[in-house]
Amino acid sequence: MSLNHSPETQTKLIARVPSITGRELPEWFQAIDNGPSFLRCDERANWLADEHGLTHGYAAAIVHEHERHRRNRMGFV
């Protein structure tokens, strides 16, 4: 599974997350923050997919977006 979607695909996946999953991104981010402390993004995506019944594409997109938001909050570019 690749966590590296094209920017266009990432944008489209993230835009569809609420309608496909029934949950908004902040809820998914909270699930990741409260979930197991995996070091690797692919481990988080696998956990998210397995634990919450997401496809790996959506799980990877959510994890990627979570990491992007986390880096921005911490002041990393």
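Heavy atoms only: backbone and side chains are in, while hydrogens, waters and symmetry mates are out. In this chain, residues are counted from 1 in sequence order.
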* Structure fact -> Taken in chain and number order and not counting sequence neighbours, the residues that satisfy side-chain hydrogen bond (donor to acceptor under 3.5 Å, both in side chains) with Thr11 are none

* Ser37: partners by side-chain hydrogen bond (donor to acceptor under 3.5 Å, both in side chains), with sequence neighbours left out -> none

* To do: Would you please name every residue forming a salt bridge (charged side-chain N to carboxylate O under 4.0 Å, His left out) with Arg16, sequence neighbours left out?
  => none

* Contact check, side chains of His69 and Phe29, non-hydrogen atoms, under 4.5 Å -> yes

* Structure fact -> Nearest heavy-atom contact between Ala45 and Ala59 is O-CB, 3.4 Å

Compile the donor-acceptor pairs under 3.5 Å between side chains in residues 47-55 and protein atoms, sequence neighbours left out, one pair per line.
| residue | atom | partner | partner atom | Å |
| --- | --- | --- | --- | --- |
| Thr55 | OG1 | Tyr58 | N | 3.3 |

* Name all pairs fulfilling the salt bridge (Lys or Arg N to Asp or Glu O under 4.0 Å) condition that reach into residues 58-67, sequence neighbours left out, sorted by first residue then second. => Arg44-Glu67, Glu65-Arg68, Glu67-Arg70

* Taking side chain to side chain contact (heavy atoms under 4.5 Å, CB included) as the test, write out the residues that go with Glu27, two or more places apart. => Arg23, Glu24

